[in-house]
2 protein chains.
Amino acid sequence: MLGDQALAAFSVRTTRTHFHGGETIITQGDEVGRIGVVVSGLLKIVVFTEDGAEHVLQTVGPGQLVGNTDGQRHGHAVEAATDGMVCWMPREAWNSFLKARPEHYQAFLSVTLQQYQEAQQGVIRMRGRNTLQRVAFWLLDQKPARGTGNVPLIRIALSRRDLASLLDMTAETLCRALHQLIERSAIRLPASDLVEIVDMERLRQLGKYPRDRIAGAENPRATPFPHPFVQVASSDRFEATMPPERLKRLSEFGAASR
Amino acid sequence: MLGDQALAAFSVRTTRTHFHGGETIITQGDEVGRIGVVVSGLLKIVVFTEDGAEHVLQTVGPGQLVGNTDGQRHGHAVEAATDGMVCWMPREAWNSFLKARPEHYQAFLSVTLQQYQEAQQGVIRMRGRNTLQRVAFWLLDQKPARGTGNVPLIRIALSRRDLASLLDMTAETLCRALHQLIERSAIRLPASDLVEIVDMERLRQLGKYPRDRIAGAENPRATPFPHPFVQVASSDRFEATMPPERLKRLSEFGAASR
DNA sequence: CGGCAGATTGAGACTAATCAAGAGGAGTGG
DNA sequence: CCACTCCTCTTGATTAGTCTCAATCTGCCG
């Protein structure tokens with residue numbers, strides 16, 4: 001699809017970088033002259049306010065973009081929630097690439113608009129919901145990787161503190177909310193970072209989760225930017241960030257709990 | 001700047017529409033095959049949740065965009081907060097226009113990214129701030145049109161209920177917050193929709209307003225989309241939405257209060 | 001002047017933050 | 001292999017902040 005010239009000029013400038021959990025990818029206030037496509041792993045967009053507090057605004061998964069091309073300073077930082085990989089390209093390469101192949105503007109815009117929408121969704125999920133509902137809602141919004149025996153299983157890649165921040169509550173409140181969901185037998189906690197959805201319908205009620213979002217058709221995370229050179233692991237973020245030994249332990253648990 | 005052909009095909013399809021306060025511009029869930037540039041007045045982006053509650057997410061002023069071009073359904077509605085004007089163009093015209101003149105992609109992206117950033121800012125202003133601080137912060141974020149005697153004066157175009165929704169609180173709490181700001185002599189209320197900033201510094205402290213935002217340089221609302229055919233009233237949203245009789249009454253008030 | 005809708009003010013209920021303390025888990029060094 | 005430390009997670013009691021409900025007030029229109 002790409003012209004030879006554009007492709008050559010472009011792919012030379014492309015850099016894949018591995019990152020590790022906790023690492024800072026982009027520092028707040030920096031001018032980052034490059035843009036990155038997340039290939040695997042999970043990033044988090046955080047903001048440090050003047051009083052030193054850290055706020056997690058959004059998570060960025062495979063196929064989504066970080067950085068900006070307009071030479072503006074970053075109003076937020078980007079940190080790694082898990083290990084993973086980003087594919088970077090410098091601003092000039094990016095811009096000249098887009099200029100040479102305007103048809104890719106459409107894809108770029110689409111992903112940008114999608115992340116914009118996701119930011120709006122993030123606000124909406126906060127509104128008119130108490131802490132319990134927000135937690136339930138978030139759980140339902142995660143890609144439910146099926147565990148052993150087709151039970152929906154969710155890996156919480158974020159720390160309690162980070163997830164609490166994302167959901168705009170304290171870690172203590174998040175903890176209480178999770179255990180309230182357990183008491184009402186909507187979920188179980190095989191491990192502190194694993195959530196097993198026991199009763200999907202009850203969880204929906206508790207989270208005031210709209211019917212039309214159930215299929216995930218409204219705001220699918222899976223319209224990844226069609227990066228020409230990188231295969232994006234979009235479908236299985238679960239396995240991508242799940243260490244093998246955990247999977248093993250998990251299946252043991254599943255067998256034991258039956 | 002525009003090629004004759006593109007210009008001709010484009011300007012024919014452009015439609016200016018006046019809107020009145022309270023009017024619904026875009027219905028939630030609609031597929032709107034067009035995009036609009038706000039010329040004057042103020043729009044609000046609202047979401048109706050399943051339980052019937054209405055949430056104001058954002059306001060859209062002159063130079064900013066509404067609608068989308070990707071044929072997707074709207075996750076939110078757009079309503080008029082004041083009287084004003086939008087300049088519409090159908091999706092096909094828009095897309096072919098951008099295709100013909102790729103250099104405008106940059107501007108389009110820029111405005112989109114800006115609104116994206118604004119959405120993020122909207123989240124941040126909520127975080128780690130109580131109701132009083134949110135109100136103070138919002139006031140400082142408004143374009144302070146100077147009133148009589150160079151006193152910063154702000155017109156609240158939104159109803160109490162809408163503004164409260166935007167700031168994620170109840171109308172009652174908003175009201176109390178405003179009056180608390182008055183008690184601490186940071187502001188005055190010449191009329192229920194007019195705020196006079198008496199002590200800017202105190203208001204900043206009460207709103208935890210960062211220093212670097214004071215100049216408004218960080219996130220200026222004034223990088224309007226350079227619409228080729230419409231003159232955008234970007235600088236004076238105040239006067240644009242201020243009925244003449246109010247202005248007159250206001251100056252009388254200013255004279256009387258000295 | 002009466003009616004109406006939005007804005008204001010007040011009192012009580014309830015949610016979530018804060019402060020404090022205990023439990024679990026991973027890594028380190030002897 | 002075990003004790004020790006550090007850090008995160010969890011749990012409990014208290015407090016502060018907002019929401020809710022209700023009543024009153026205000027400006028506006030016919």
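Order of the sequence lines sets the chain letters (A, B, ...), proteins ahead of strands, with each chain counted from 1.
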Judged by modelled atom types alone, do B:Thr27 and B:Thr24 share a side-chain donor-acceptor pair under 3.5 Å? no

Check the distance between D:dT11's C1' and A:Glu183's CD and give it to me in whole angstrom. 12 Å

Starting from P on C:dT15, measure out to CD on A:Gln133 and report it in whole angstrom. 11 Å

Check whether any side-chain N or O of A:Arg129 sits under 3.5 Å from a backbone N or O of A:Gly207 as a donor-acceptor pair, and report yes or no. yes

How close or far is atom P of C:dT8 from atom CG of B:Leu178, stated in whole angstroms? 7 Å

With A:Glu54 via salt bridge (Lys or Arg N to Asp or Glu O under 4.0 Å) - residues at least two apart: A:Arg161

With a 4.5 Å cut-off on side-chain heavy atoms, are B:Leu57 and B:Val46 touching? no

Measure CG/B:Leu206 against C1'/D:dG17 and give the value in whole Å, please. 16 Å

Do B:Val123 and A:Gln58 have side-chain heavy atoms sitting under 4.5 Å apart? no

Measure the angle between the two terminal helix axes of the helix from C:dC1-D:dG30 to C:dA21-D:dT10, five base pairs each, and quote it to 10°. 30°

Whole-Å distance separating the CD1 atom of B:Ile182 from the P atom of C:dT9: 8 Å

Tell me: CD1 of B:Ile156 to P of C:dG6, nearest whole Å? 16 Å

Within the 3.5 Å criterion, strictly below it, is a donor on A:Arg127 or B:Thr49 matched to an acceptor on the partner's side chain? no

Heavy atoms from C-beta onward define the side chain here; which of D:dC9, C:dA7, D:dT18 lies closest to that of A:Ser192? D:dC9

Counterpart residues, side chain to side chain donor-acceptor pair (under 3.5 Å), relative to B:Trp138 (two or more places apart): B:Gln142

Atom CG of B:Leu189 and atom P of D:dC25 are separated, to the nearest Å, by 19 Å

Among residues at least two apart in sequence or on other chains, which ones pass side chain to side chain donor-acceptor pair (under 3.5 Å) with B:Thr17? none

For the side chain of B:Asn130, counting heavy atoms from C-beta on, which of D:dG17, D:dC9, C:dT9 is nearest? D:dG17

Identify, with sequence neighbours excluded, every residue that meets side chain to side chain contact (heavy atoms under 4.5 Å, CB included) alongside B:Arg176. B:Glu172

Protein within reach of the bases, or only the backbone? For nucleotides 17-25 of chain C, mark each nucleotide 5' to 3' as B, S or -, using heavy atoms under 4.0 Å. SBB------

Calculate the interatomic distance between A:Arg161 atom CZ and D:dT10 atom C1'; express it in whole Å. 16 Å

